[in-house]
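Below, all heavy atoms of this structure are taken into account, side chains as well, without hydrogens, waters or symmetry copies. Bear in mind the structure is a predicted one, so any value in this text is a computation, not a measurement.
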Amino acid sequence: MRKEKLGNPALIASVANSEAGQTAIKNASENQKAVVETAKNVIPFLVKTLVFLGIGYVIYKKISNRFEPLQENKNYPVSNITDNQASAKAETIYQAMKGAGNGFETVKQAIAGVNYNGFFKIYNAFGNREGAIPFTSKMNLIEWFNDQFNTYELQQLNFLVPNIFSKTI
């Protein structure tokens, strides 16, 4: 099939110089001006909307991803570990769970012998930490345990520190 070409430049020039050609050119020019004017009006709206959404997202992340420490329960004996020991245990637990595998035996050894309020100290020292998979949301110690361990392993941890995992099993 043969394509139609604009063959004669003189014919094109005469059409462009005609009244209909001038009207078409004028209308095209006016349409372009209208598009530019509309864009001038829309762009500030889009910028304001993006700024508003960005601020909203930052506020949401600050509120939704904050860590709320647990208070010691006065109905149980005072913690049997210091704050420094709790920090060291929290770091040991995190390093064990962070890499390949879940490091259950290391975690079990870290919380063995810790009483109820001692576990709260470890929980508070652990805080919110990055997940094992990059770009996942931060998780607290209980969320990490639920993510890493199966029901049987959680039951073993509950045996070591009673009444901690009863709601998660």
Ignoring hydrogens and angles, tell me if any N or O in the side chain of [X] forms a donor-acceptor pair with the backbone of [Y] under 3.5 Å.
X	Y	answer
N115	V78	yes
N80	G118	no
N117	P77	yes
Q109	T106	no

Roughly how far, to the nearest 0.5 Å, is the [atom2] atom of [Y] from the [atom1] atom of [X]?
X	Y	atom1	atom2	value
L46	L53	CG	CG	10.5 Å
L154	Q156	CG	CD	9.5 Å
N140	N146	CG	CG	9.0 Å
F145	N102	CZ	CG	10.5 Å

With a 4.5 Å heavy-atom cut-off, do [X] and [Y] have their side chains touching?
X	Y	value
K40	V36	yes
I142	F119	yes
V107	F149	yes
N124	K121	no
Q148	I93	no
V161	L157	no

Is a salt bridge present between R129 and E91, judged by a nitrogen-to-oxygen distance below 4.0 Å?
yes

Testing the basics here: between W144 and M97, what is the closest heavy-atom pair and its distance to 0.1 Å?
CB-CE, 3.6 Å

Between Y116 and P162 the two heavy atoms that sit nearest each other are CD1-O, 3.6 Å

